[in-house]
Engineer: 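Below you'll find the structure I mean.
Quick note: residue numbers are just sequence positions, from 1. Counting starts at 1 for both ligands and their atoms, following the listed order.
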Amino acid sequence: MRVLVTGGAGYIGSFVVRHLLGQGHEARVLDNLSTGTGRAVPDVPLDVVDIRDADKVEAVLAAFSPEAVIHLAALKSSAESVRSPHLYYDVNVTGTAGMLRAALQHGVERFVFSSSCAVYGSPQICPVDERTAPCPQSPYGETKLTGERMLGWYARSAGMRYASLRYFNVAGAASDASLGEFTSESTSQLVPRVIDSALRGTNLEIYGTDYPTGDGTALRDYIHVEDLAAAHVQVLERLNSAEVCGEYNLGTGRPVSVQEVVEAIERRSGLPVPRQPRPRRAGDPMVSWADPALAHRVFGWSPERDFDEIVRSAWLWHTSGEQRQA
Ligand SMILES: NC(=O)c1ccc[n+]([C@@H]2O[C@H](COP(=O)([O-])OP(=O)(O)OC[C@H]3O[C@@H](n4cnc5c(N)ncnc54)[C@H](O)[C@@H]3O)[C@@H](O)[C@H]2O)c1
């Protein structure tokens with residue numbers, strides 16, 4: 001398939017591109033490089049375009065005629081979205097509506113959308129499955145839910161096959177450190193933040209240390225970026241009928257606490273991570289982990305890598321010489 005990957009120069013998108021090429025598909029990236037980098041996708045054509053620029057998006061679709069779009073381009077920080085909701089609605093909702101309109105105009109047959117566990121907010125019951133009513137607790141989560149709903153309506157109106165993939169916490173790098181997350185100092189992702197604290201000896205702020213969980217810190221579901229990328233290709237290839245269109249969790253079903261993440265990185269690095277306990281943050285769920293059974297049943301996808309491999313590969317990537325800043 002010819003696949004246009006928006007946000008393909010970002011962390012997850014660059015792995016999706018690799019997996020597409022590995023399975024013999026043709027890929028092209030559309031990205032404004034606001035957080036991504038061309039270094040992550042050296043082997044495919046890259047159009048430096050903002051998804052909100054309708055004329056340029058149109059021109060890319062006209063030139064490439066993709067059969068499928070994987071739409072990852074978005075802003076992704078819940079905390080930032082609370083401070084700047086207009087920005088999140090603009091990029092994640094208006095931008096997604098523009099991509100959908102253009103995809104339909106150009107006869108795109110399949111559309112895969114990066115959604116998020118943030119659509120569930122603070123789930124009452126974990127593991128959380130797709131029958132759970134969404135209840136986002138940040139503008140970010142709202143924009144992802146809106147994206148899912150727009151996609152459903154737009155796609156049904158034209159018979160386009162679609163899937164919204166609700167990622168849990170994505171982490172890790174290629175096993176040989178050939179690709180990973182080009183992080184900035186302001187990253188909100190826990191694994192790179194802990195690694196950074198270990199390497200620099202700076203304080204790691206932990207929000208919430210008095211939750212009624214085993215060690216007092218929040219529980220999350222960490223999914224290896226290689227497993228996540230593989231899921232996109234599997235889903236895309238099997239989006240053959242209207243019956244399989246819908247929303248799917250992509251997680252492991254195994255909760256890991258913030259404290260366990262810190263300890264795992266201390267063990268791997270041999271370095272202490274200085275912690276600074278902070279109060280709980282409004283809107284942060286205490287626990288959030290997936291029931292990934294539906295994606296397995298429908299697409300035959302299951303994650304293959306465990307949390308140790310996430311830590312091993314992420315540590316190798318962040319310490320293996322090359323400049324890892326975006
Ligand atoms: N990383 C996670 O744990 C996680 C979890 C759930 C969902 N997601 C979703 O996955 C997707 C990819 O996330 P990521 O972690 O790879 O983040 P990322 O920031 O590395 O990638 C996003 C990419 O989109 C591009 N982009 C942003 N705004 C754009 C615009 N207006 N026009 C064109 N390109 C634009 C950026 O330059 C970047 O390359 C996002 O949609 C995010 O919401 C990520």
Engineer: I'd like to check the side chain to side chain donor-acceptor pair (under 3.5 Å) partners of Y88; sequence neighbours left out, ordered by chain and number.
Structural biologist: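 Scan of Y88 (side chain to side chain donor-acceptor pair (under 3.5 Å), adjacent residues dropped) gives E80.
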
Engineer: Fit a plane to each ring of F299 and Y248, take the angle between them on a 0 to 90° scale, and name the class: parallel (under 30°), tilted (30 to 60°) or perpendicular (over 60°).
Structural biologist: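 Rings of F299 and Y248: perpendicular, over 60°.
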
Engineer: For S241, what residues pass the side chain to side chain donor-acceptor pair (under 3.5 Å) criterion, not counting sequence neighbours?
Structural biologist: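 With sequence neighbours excluded, S241 shows a side chain to side chain donor-acceptor pair (under 3.5 Å) to E243, given in chain and number order.
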
Engineer: Please output the residues near ligand 1 using a strict heavy-atom distance under 4.0 Å, listed in chain and residue-number order.
Structural biologist: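 Within 4.0 Å of ligand 1, protein side: G7, A9, G10, Y11, I12, D31, N32, L33, S34, T35, G36, V49, D50, I51, R52, L72, A73, A74, K76, V91, S114, S115, S116, Y140, K144, Y167, F168, V170, Q189.
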
Engineer: Which residue in the set D221, L228, N249 passes side-chain contact (heavy atoms from CB on, under 4.5 Å) when paired with Y167?
Structural biologist: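 Running side-chain contact (heavy atoms from CB on, under 4.5 Å) over D221, L228, N249 with Y167 returns exactly one hit, L228.
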
Engineer: Which residues satisfy the salt bridge (charged side-chain N to carboxylate O under 4.0 Å, His left out) test with D291, sequence neighbours excluded?
Structural biologist: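 D291 satisfies salt bridge (charged side-chain N to carboxylate O under 4.0 Å, His left out) with no other residue.
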
Engineer: Honestly, is R312 close enough over W315, meaning NZ or CZ under 6.0 Å from the six-membered ring centre and within 45° of the axis?
Structural biologist: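 Checked: cation-pi criterion not met.
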
